[in-house]
Amino acid sequence: MKNIFIILIAMVTFSSVAQQSITLEECYRLVTENYPLAKQIQLLEDQNKLDSEVLANTKMPQLYVDAQATYQSDVIEVPIPNSNIEGLNKDQYRATLSVNQLIYNGGITDASIKVKSAQLQTKQKQVEVNLYQLKQQINQLYFSILLSQESELLLQSKKAQLQSKLSEVQSGIKHGVLLPASDKVLEAELLKIKQQSQELLSNKIVLIETLSDLVNKPLDLSTQFESPLLKVPLESQLNRPELELFQFKKEEIASSESLIAKQNAPKLLGFATGGYGNPGLNMLDNSFQTFYTVGIKLNWNVFDWNSNKKQRQSLAIHKDIIDTETETFKLNTNIKLNQQQKEIDKIEGFILSDLEIINLRKEVLQSADSQLKNGVITSSAYITELTNLYEDENTLLKHKIQLQLAKANYNIIKGQ
């Protein structure tokens, strides 16, 4: 007996461990981590790193190799009588190595890197916004699965009640209290329940498979979907990722303004060139020579026809556009929140009515049960009252799930 008891405990323990469970919050987390779009966050990070390195390389010395061979139809001649100066060859050769070093450019490189960083934040936040919008789809699937679970339990309760009543009716027929065909109606109703159960099962399988694909996690009929305890937050402040996206867009504009302000700054370069050619720098020496030049170069665009100013004005208009988009989003979101709150209040009212209706239905069914036992009514009349109670209980169940869904959607709209 002791060994059997240990084996039973082990089996129960294994069963409880093997049974997988999942919560609504876990589904939210999984979809933001595993949905294919989520990969873009890291890809954008990698892309920005490469772009920033390219910009930073402009501060490094730039090396250029140049080589050429030419043949000229004419060359410079020195018209000095009796001089020993040889004329230049018509075929000329030249190979050079040049080095350019940026000394000063007004901070354009650093400003460009900051613009890239601001663009990265905006793009990554846009990905987060797109992923966040999947949460309402998760809500719909998750609570539909919960409704299937609870509906199946309710259907099994009705089935057990009918089976119990079938046994009583068959006993009544056997003792001549009830009509011989009274049990057939109950048996037909049990077959209907079997069909309804199969339909519920089929729909639940589709819902679970869809949710499994969306969150990229194996889920099946053995998975236990936990019912969440949802509360509607009292604070009025929105916490949507779209608001952060609008702010990042404005920061990106500010970075672009800083870059544009530096574009007309003077640029100072140092350069050096070494080479080998015929002729060299001495045009009077008609032979192969080595040579070099070093120097600095200043480049300054002192007048750009107000292009720089107009670019900044355009960015200021863009910032105003983002402000209008932000206000529009807040307005539309608050309207949706108000509508969702009205939906929550309506469903809560329905639930109160459902409870009153069910209490009345139970009293009617109790009376019908007594009448059936005494042969006053038929099995059909009893099934009618039982079905009425079941439908009202199912309506209550739907309203409870709808209330949870409405609260979950409210939290998503608000950004909780």
Side-chain angles (χ1 to χ4, degrees), residues 43-70 72 76 92-126 245-283 288-323:
L43 291 173
L44 290 169
E45 182 80 36
D46 296 340
Q47 183 185 42
N48 179 75
K49 183 179 179 181
L50 293 173
D51 291 342
S52 297
E53 288 176 355
V54 170
L55 290 171
N57 284 341
T58 60
K59 294 183 177 181
M60 304 299 291
Q62 308 296 311
L63 301 177
Y64 303 94
V65 174
D66 185 38
Q68 67 176 28
T70 61
Q72 301 177 191
I76 297 175
Q92 299 183 5
Y93 308 90
R94 187 181 183 89
T96 60
L97 173 64
S98 300
V99 180
N100 291 340
Q101 174 62 59
L102 177 66
I103 300 174
Y104 176 78
N105 68 349
I108 290 180
T109 300
D110 292 338
S112 298
I113 292 175
K114 288 182 179 179
V115 169
K116 286 291 183 182
S117 178
Q119 290 174 344
L120 170 65
Q121 284 186 315
T122 302
K123 291 177 181 178
Q124 288 181 326
K125 184 56 66 174
Q126 182 62 64
L245 175 62
F246 293 137
Q247 184 59 38
F248 283 147
K249 285 182 177 180
K250 293 176 70 173
E251 291 176 5
E252 182 181 337
I253 291 175
S255 299
S256 298
E257 287 175 336
S258 177
L259 175 61
I260 290 173
K262 298 176 184 295
Q263 283 181 344
N264 286 345
K267 299 175 180 63
L268 186 64
L269 296 170
F271 65 89
T273 301
Y276 182 72
N278 182 3
L281 297 182
N282 184 0
M283 300 295 292
F288 281 92
Q289 310 166 34
T290 58
F291 58 88
Y292 72 90
T293 58
V294 294
I296 58 174
K297 178 181 179 181
L298 178 67
N299 184 9
W300 190 4
N301 184 9
V302 296
F303 186 71
D304 65 351
W305 303 96
N306 286 329
S307 296
N308 193 281
K309 179 180 178 181
K310 290 176 181 177
Q311 286 179 330
R312 293 199 299 270
Q313 290 174 341
S314 176
L315 289 176
I317 293 174
H318 191 190
K319 187 180 292 184
D320 291 338
I321 291 174
I322 293 175
D323 286 336

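The first residue in the sequence is number 1, and the count goes up from there. Note that these values count all heavy atoms, side chains included, but never hydrogens, waters or copies made by symmetry.
In terms of heavy-atom proximity, Gln289 sits nearest to Asn282 at NE2-O, 3.4 Å. For the pair Pro61 and Val99, the tightest heavy-atom approach, listed with the atom from each and the gap, is CB-CG1, 4.1 Å. The two residues Phe271 and Asn100 have their closest heavy-atom pair at CB-OD1, 3.2 Å. Taking every heavy atom of both residues into account, Ile322 and Phe246 meet most closely at CG2-O, 3.7 Å. Heavy atoms only, all atoms of each residue included: Ala265 and Gly106 are closest at CB-CA, 3.9 Å. Between Ala69 and Tyr93, the closest heavy-atom pair is CB-CD2, 3.6 Å.
Heavy atoms from other residues, nucleotides or ligands lying under 6.0 Å from CD1 of Ile296 number 12 at most. No more than 12 heavy atoms of other residues, nucleotides or ligands shown are found within 6.0 angstrom of OH on Tyr292. Within 6.0 Å of atom NZ in Lys125, more than 12 heavy atoms from other residues, nucleotides or ligands are found, so the atom counts as buried in its surroundings.
Between atom CG of residue Asn301 and atom NZ of residue Lys267 there is a gap of 7.5 Å, rounded to the nearest 0.5 Å. Between Glu257 atom CD and Lys319 atom NZ the span is 4.5 Å, to the nearest 0.5 Å. Between atom CG of residue Asp51 and atom OG of residue Ser112 there is a gap of 11.5 Å, rounded to the nearest 0.5 Å. Distance check, rounded to the nearest 0.5 Å: OG of Ser258 to CZ of Arg312 gives 10.5 Å. If you take CD on Gln126 and NZ on Lys249, they are separated by 6.0 Å, rounding to the nearest 0.5 Å. We find the CG-OG1 distance between Asn105 and Thr58 to be 6.5 Å, quoted to the nearest 0.5 Å.
Ser255 places a side-chain N or O within donor-acceptor distance of the main-chain N or O of Glu251, the cut-off being under 3.5 Å. The backbone N or O of Leu55 sits nowhere less than 3.5 Å from a side-chain atom of Lys59 that would complete a donor-acceptor pair. Judged by distance alone, the side chain of Ser256 and the main-chain N or O of Glu252 form a donor-acceptor pair under 3.5 Å. Without hydrogens or angle criteria, Gln124 side chain to Thr122 main chain gives no donor-acceptor distance under 3.5 Å.
Side-chain contact check for Glu53 versus Leu50: some heavy-atom pair is nearer than 4.5 Å. Two residues are said to be in side-chain contact when any heavy atoms from C-beta on lie closer than 4.5 Å; Leu259 and Ile108 meet this criterion. Between Thr293 and Leu281 there is a side-chain heavy-atom pair separated by less than 4.5 Å. Contact annotation: the side chain of Tyr64 never approaches that of Thr96 to less than 4.5 Å [non-hydrogen atoms, C-beta and beyond]. Taking 4.5 Å as the limit, every side-chain heavy atom of Ser98 sits out of range of all side-chain heavy atoms of Asp66.
Checked options Gln313, Lys262, Gln263; the residue passing with Asn308 is Gln263 (criterion: side chain to side chain contact (heavy atoms under 4.5 Å, CB included)).
Taking a cutoff of 4.0 Å between a charged side-chain nitrogen and a carboxylate oxygen, Asp323 and Lys250 qualify as a salt bridge.
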